[in-house]
Amino acid sequence: MIVTNKFICILETKKLSGDILVNDNGDFIRQIKNSEGNIIKKEGIYSPITQNERHVRIVKDLLMKNNMIKNCPVISMVVMADPKNIVNTRYAPQNVKYKLIKYDQLTRKLRNLLRAYKNVGMPYQTIMDIAEFLKDRNTDKKQHYILSKYNSLVTKEENESYLTSKFQKGVKVIDNKEQLTIDLKEFRLNRSRQEKIKPYYIFNNKQMEDLIKRMPKTKEELLKVSGFGPVKTEKYGDEIISIILRY
């Protein structure tokens, strides 16, 4: 997060393997090539633009509700951090092109933005007040990588201790099931837009409940979930399993 006297910028940094194509709908498609440069695999990925827009809304709402800002713009910027990436935005919507930059363009982009925003000029003390306000409301969350990935290894006592400490601090805690539901719905919506089909063709709510109940960790386990045959499992299995493994 960058706080200036002209704007507040939320940076989402991505280091993605493969080349990235953004089509005219704003969908992100990763292209994997072999040593000869031929495309051997294409797959849709979550839009970091959409992801970061949620961050912007949360920060802006927090600052406005607490009277920290009135007219100060809160803008989104997605930085592609892998120098080997080729990002093709030729057909991308203009708002995506504007927000998506390579890491070596960041300084120039910020300088241009400082020149472009002429109607805002926050005093230095206001900038510091905003920074301190956000720092005070930050809560560090210590995570063990393995435990966060394989939630079944977390004991009931450890989980209850964590929740108790959060509630004592007045922090809203979203349980794993609720967050997993949100992530699965987001995946379903993004893929349905990419394929121009109804979301329930990916999986309906009843099938999603079975997904959450069974928590498949492999494609073999996914085949046992209601509505998932070999074709759907092969098409969506890797992405769905990667989402579930976070929990």
Might you point out which heavy atoms bring [X] and [Y] nearest each other, and give the distance in Å?
X    : Y    : answer
P230 : L223 : N-CD2, 3.7 Å
R193 : D27  : O-OD2, 4.3 Å
T13  : A81  : CG2-CB, 3.7 Å
I241 : T218 : CD1-C, 3.3 Å
M215 : E221 : O-OE1, 4.1 Å

Find the distance between [atom1] ([X]) and [atom2] ([Y]) and round it off to the nearest 0.5 Å.
X    : Y    : atom1 : atom2 : result
I45  : I20  : CD1   : CD1   : 4.0 Å
K99  : K109 : NZ    : NZ    : 11.0 Å
D238 : E43  : CG    : CD    : 8.0 Å
I243 : F187 : CD1   : CZ    : 5.5 Å
I32  : I40  : CD1   : CD1   : 7.0 Å
T107 : Q105 : OG1   : CD    : 10.5 Å

Looking at [X], I'd like to know if its [atom1] atom is crowded, meaning that more than 12 non-hydrogen atoms belonging to other residues, nucleotides or ligands lie closer than 6.0 Å.
X    : atom1 : result
K224 : NZ    : no
Y91  : OH    : no
R30  : CZ    : yes
N38  : CG    : yes

Pairing of [X] and [Y] as salt bridge, 4.0 angstrom limit:
X    : Y    : value
D61  : R57  : no
K232 : E234 : no
E186 : R54  : yes
K14  : D82  : no

N/O donor-acceptor pairs under 3.5 Å from side chains in residues 195-203, not counting sequence neighbours:
unit_1: E195; atom_1: OE1; unit_2: K235; atom_2: NZ; d: 3.1
unit_1: E195; atom_1: OE1; unit_2: Y236; atom_2: OH; d: 2.9
unit_1: E195; atom_1: OE2; unit_2: R191; atom_2: NH2; d: 2.9
unit_1: E195; atom_1: OE2; unit_2: Y236; atom_2: OH; d: 3.2

ILVMFWY network linking [X] to [Y], side-chain heavy atoms under 4.5 angstrom:
X    : Y    : value
V96  : V78  : yes
L184 : F228 : yes
M208 : I240 : yes
M1   : I58  : no
L134 : V56  : yes

Sole candidate of T181, V225, L180 that passes side-chain contact (heavy atoms from CB on, under 4.5 Å) when paired with L211: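 By the side-chain contact (heavy atoms from CB on, under 4.5 Å) criterion, L211 pairs with just one of T181, V225, L180: V225.
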Joining Ile, Leu, Val, Met, Phe, Trp and Tyr whenever any side-chain heavy atoms lie under 4.5 Å apart, the cluster holding L11 also takes in I2, F7, I75, M77, V79, Y98, I101, Y103, L106, L110, L113, L114, Y117
Pair [X], [Y]: side-chain N/O donor-acceptor within cut-off below 3.5 Å:
X    : Y    : answer
Q179 : D183 : yes
R115 : N112 : yes
D129 : Q125 : yes

Report yes or no: does [X] contribute a side-chain atom to a donor-acceptor pair with the main-chain N or O of [Y] at less than 3.5 Å?
X    : Y    : value
D24  : A92  : no
S47  : T50  : yes
N23  : G26  : yes
N52  : I10  : yes
N204 : K206 : yes
S242 : E239 : yes

State, with a plain yes or no, whether a side-chain heavy atom of [X] is found less than 4.5 Å away from one of [Y].
X    : Y    : answer
M64  : V74  : no
M122 : I130 : yes
C72  : I8   : yes
K217 : I244 : no
N88  : D19  : no

Would you please test T4 and I127 for side chain to side chain contact (heavy atoms under 4.5 Å, CB included) and show each step?
CA-CA 7 Å; T4 77; I127 297 173; 5.8 Å; no
